[in-house]
Amino acid sequence: GENVEQHPSTLSVQEGDSAVIKCTYSDSASNYFPWYKQELGKGPQLIIDIRSNVGEKKDQRIAVTLNKTAKHFSLHITETQPEDSAVYFCAASKNFGNEKLTFGTGTRLTIIP
Amino acid sequence: GAVVSQHPSRVICKSGTSVKIECRSLDFQATTMFWYRQFPKQSLMLMATSNEGSKATYEQGVEKDKFLINHASLTLSTLTVTSAHPEDSSFYICSARDFRLAGRQETQYFGPGTRLLVL
């Protein structure tokens with residue numbers, strides 16, 4: 001089955017700086033890669049996703065890059081703000097049938113004011 | 001759009017009782033719903049996948065007789081924790097997906113979670 005590794009487990013950055021979180025996956029058939037943000041005591045919220053026919057996707061301060069050959073994808077947050085502090089999870093899946101998401105282990109991001 | 005609700009948000013019960021958690025897709029029809037369990041500072045662990053009108057598919061190690069899942073309609077799924085014990089205390093989260101949504105077939109939208117505490 002699919003295995004997703006996520007690094008780092010914790011990340012602290014100064015407000016205004018950029019944050020990068022990296023994930024690798026094992027199943028070359030995976031073709032859908034979402035990123036979720038989870039605040040304390042809440043459910044995960046989809047912040048951006050990318051499909052394998054695209055190498056990069058951007059939404060305001062958030063961007064995701066995908067390298068299919070190397071089987072890794074990354075989340076980039078620029079101009080970080082205190083409200084970006086949360087746990088971020090990457091995930092991977094195929095896009096047919098009841099394919100489930102395989103989650104990474106999460107990254108606790110802390111923005112230092 | 002794509003809002004998923006859960007009820008209750010938190011529940012405390014006595015050991016041996018059963019607890020039902022509801023998951024609703026509010027503005028879309030969920031062809032598939034998923035139930036997860038999350039322990040503190042850990043990732044999400046998939047418990048089961050359910051399609052409307054069908055029996056749920058449970059992940060290895062998840063007791064189907066303990067965690068009863070019903071997906072009776074395209075907008076509602078329920079998880080019942082039967083004969084709950086303290087070790088069942090956890091954060092339970094559902095998600096929903098509509099594979100008919102163009103460009104969003106794979107996307108799972110998560111509910112806010114239910115915190116269960118069994119005394």
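Here is the naming used below: chain letters follow the sequence lines, and residue numbers restart at 1 for every chain.
For CD of A/Glu15, the number of neighbouring non-hydrogen atoms (other residues, nucleotides, ligands) closer than 6.0 Å is greater than 12. For B/Lys66, the NZ atom counts as densely surrounded, since its 6.0 Å shell holds more than 12 non-hydrogen atoms of other residues, nucleotides or ligands. In A/Lys42, the NZ atom is not crowded: 12 or fewer heavy atoms of neighbouring residues, nucleotides or ligands sit closer than 6.0 Å. Annotation for A/Leu40: atom CG does not count as buried by contact number, only 12 or fewer foreign heavy atoms lying within 6.0 Å.
With rounding to the nearest 0.5 angstrom, the CG atom of A/Leu46 is 6.0 Å from the OG1 atom of B/Thr107.
Following chains of ILVMFWY side-chain contacts shorter than 4.5 Å, one can reach A/Val13 starting from A/Val64, so the two form part of one hydrophobic cluster. A single hydrophobic cluster is not seen to contain both B/Met33 and B/Tyr58; linkage of ILVMFWY side chains at heavy-atom distances under 4.5 Å, directly or through other members, places them apart. In this structure, B/Phe34 is not a member of the same hydrophobic cluster as B/Met47, with clusters built from ILVMFWY side-chain heavy atoms closer than 4.5 Å. Linking ILVMFWY residues whenever their side-chain heavy atoms come closer than 4.5 Å, directly or via other members, leaves B/Ile93 and B/Ile21 in distinct clusters. The cluster map of Ile, Leu, Val, Met, Phe, Trp and Tyr, joined by side-chain heavy atoms under 4.5 Å apart, puts A/Val54 and A/Tyr25 in the same cluster.
Listed options B/Pro112, B/Gly111, B/Ser95 were ranked by heavy-atom pairs under 4.5 angstrom with chain A; first place goes to B/Pro112. Most heavy-atom pairs under 4.5 Å with chain B: of the set A/Gln6, A/Gln38, A/Gln45, this distinction falls to A/Gln38. For the options B/Lys41, B/Gln42, B/Arg115, B/Glu59, heavy-atom pairs under 4.5 Å to chain A are most numerous at B/Glu59. Most heavy-atom pairs under 4.5 Å with chain B, from the set A/Ser9, A/Ala91, A/Pro44: that is A/Pro44.
Residues meeting the ring pair (Phe, Tyr, Trp, His ring centres under 6.0 Å) test with B/Trp35, sequence neighbours left out: none.
Contact of B/Gln38 with chain A is made through the side chain alone, with heavy-atom distances under 4.5 Å. Interface remark: B/Ser9 contributes no atoms to any contact with chain A (heavy atom separation under 4.5 Å).
Contacts between residues 101-113 of chain A and chain B, defined by a heavy-atom separation under 4.5 Å, are made by A/Leu101, A/Phe103, A/Gly104, A/Thr105, A/Arg108.
When every heavy atom of B/Phe91 is checked against every heavy atom of A/Gly41, the shortest pair comes out as CZ-O, 3.7 Å.
Considering only heavy atoms from C-beta on, A/Tyr36 comes within 4.5 Å of B/Gln108 through its side chain.
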